[in-house]
Amino acid sequence: MKLFRLLTILFVTVITVALIQSCSSDNNVSGNNDGDVQEFVLINHDVSDFSMVDATENSEIGLDDCQPMNLDLRDTKNKMSPNANKRLMLDKVFRSMKLTDEQKAKIRELMNAHIRCEMQWFRKLQAAREEIVNRSNAAIRNVMEQVKSGKLTRQEAQRQIQQINMKTREAIKNLPINDEVLKGIIRCREEFFAAVASLLDPEQLAIWKRFLASTSTDAKR
C-alpha cells in the first residue's frame, strides 16, 4: 500500500513538472514554436562604410564585395558585411500578429523581392567602387614598374603607394553615388513595409503600424 501511494505521488509530480515546462515554453516568444518566422530580418546599411585591404609593394588593393548578406540568425558566428550596421528583427512582431501560413509564404516572397531590390543598388555601388580601385591599382603597378627600372627607390615607392591607398579610401568613402544608393535602399524598404501592410487584416495592421512607429528611426536609416 505504501509502495502504491509512493508511486502515485511520483507519477503526479512528473506530470505536474511536464505541464509547467510546457506552459513556460508556450509563453516564450523567442522560443522555437514558430521557428519558420525567425528568418525575417532587415539590415540597416551604411553605404559609406567598406572593407579595403591596402596595397603594398607586393600586392594590389583588395576590396570586399558590398552585396548584402542573407544571414542565418541561428548562426551566432555569422558576421554581417562591412556596410551592415544593425539588424531590424521582425520575427517577434510577426509572431504577435498570428500570421496565417498563406501570409507567411507571401511575406517570404516579399522578403526575397526586397533583397533583390537592395542587390540592384549594391551592384551599382560595387561597380563604382571597383572603378576607383582599378584606377588605383593601375597607378600602383606603374609605381612598381618605375622601381624595377630604377626611376624610383623602394622608399619612394612605399610613400607613393601609401598616398594612393589614402586617396582611394577617401574617394570610395565620398563617392557621389552613395547618396543615390542609400535613397534607393530606403525606397526598397518602404515598398516592403507597404506590401506587408497590404496583406494584413485590421487587427494585424494596427500591430504593424505600432511596430513601425516604434522603429521609425531605424526604418529611415
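Predicted, not measured: the structure shown is a model, and the values here were computed from it.
Here the shortest heavy-atom pairing between Ile107 and Phe192 reads O-CE1, 4.4 Å. Nearest approach of Asn178 to Ile172, heavy atoms of both residues: ND2-O, 3.6 Å. When all heavy atoms of Ala55 and Ile140 are compared, the closest pair comes out as CB-CD1, 3.2 Å. Between Leu175 and Arg129, the closest heavy-atom pair is CD1-CG, 3.7 Å. In this structure, Ile161 and Met144 approach most closely via the heavy-atom pair CD1-SD, 3.8 Å.
Ala197 meets the side-chain contact (heavy atoms from CB on, under 4.5 Å) test with Leu205, Trp208; sequence neighbours excluded. Residues meeting the side-chain contact (heavy atoms from CB on, under 4.5 Å) test with Gln160, sequence neighbours left out: Val143, Leu152. Partners of Arg116 by salt bridge (charged side-chain N to carboxylate O under 4.0 Å, His left out), not counting sequence neighbours: none found. Checked against side-chain contact (heavy atoms from CB on, under 4.5 Å), Glu170 has the following partners two or more places apart in sequence or in another chain: Asn174. For the salt bridge (charged side-chain N to carboxylate O under 4.0 Å, His left out) test, residues two or more places apart in sequence or in another chain that qualify with Asp54 are Arg169. Considering only residues two or more places apart in sequence or on other chains, Ala139 meets the side-chain contact (heavy atoms from CB on, under 4.5 Å) condition with Ile164. Evaluation of the salt bridge (charged side-chain N to carboxylate O under 4.0 Å, His left out) rule for Lys106 yields Glu102 as partners, not counting sequence neighbours. Under the salt bridge (charged side-chain N to carboxylate O under 4.0 Å, His left out) criterion, Glu57 pairs with Arg154, not counting sequence neighbours.
Between the CG atom of Leu182 and the CD1 atom of Ile177 there is a distance of 12.0 Å, given to the nearest 0.5 Å. One finds the CZ atom of Phe94 at 8.0 Å from the CG atom of Leu200 (value rounded to the nearest 0.5 Å). Between the CD atom of Glu203 and the NZ atom of Lys98 there is a distance of 9.0 Å, given to the nearest 0.5 Å. From Ile185, atom CD1 reaches atom CD of Glu190 across 12.5 Å, with rounding to the nearest 0.5 Å. Rounding to the nearest 0.5 Å gives a distance of 10.5 Å between CE of Met119 and CD of Gln126. Distance check: Asn165 CG to Lys167 NZ gives 11.5 Å after rounding to the nearest 0.5 Å.
Counting heavy atoms from C-beta outward, Lys173 and Phe50 have side chains that approach closer than 4.5 Å. Asp179 is not listed as a side-chain neighbour of Val47, based on a closest heavy-atom distance of 4.5 Å or more. In this structure, Leu110 and Val196 have side chains that are in contact, with non-hydrogen atoms separated by less than 4.5 Å. Contact of the Ile186 side chain with the Arg189 side chain is not registered, since no non-hydrogen atoms from C-beta on lie closer than 4.5 Å.
Ion pairing between a basic and an acidic side chain is recognised when a charged N comes within 4.0 Å of a carboxylate O; Asp91 and Arg95 show such pairing.
Panel note: side chain Asp64, backbone Met52; no donor-acceptor pair is recorded below 3.5 Å. Proximity of a side-chain donor or acceptor of Glu156 to a complementary backbone N or O of Thr153 within less than 3.5 Å is detected.
Pairs of residues two or more places apart, or lying in two chains, that qualify as disulfide bond (SG atoms under 2.5 Å apart) and include a residue from residues 100-196 are Cys117-Cys188. Legend: disulfide bond (SG atoms under 2.5 Å apart) pairs involving residues 144-185, not counting sequence neighbours: none detected. Under the side chain to side chain donor-acceptor pair (under 3.5 Å) criterion, the residue pairs touching residues 133-147 are Glu60-Arg141, Glu131-Arg135, Ser136-Thr168, with sequence neighbours excluded. Listed by first and then second residue, the disulfide bond (SG atoms under 2.5 Å apart) pairs that reach into residues 150-180 come to none, sequence neighbours excluded.
In the model, Gln162 has no side-chain atom that pairs as donor or acceptor with a side-chain atom of Gln158 under 3.5 Å.
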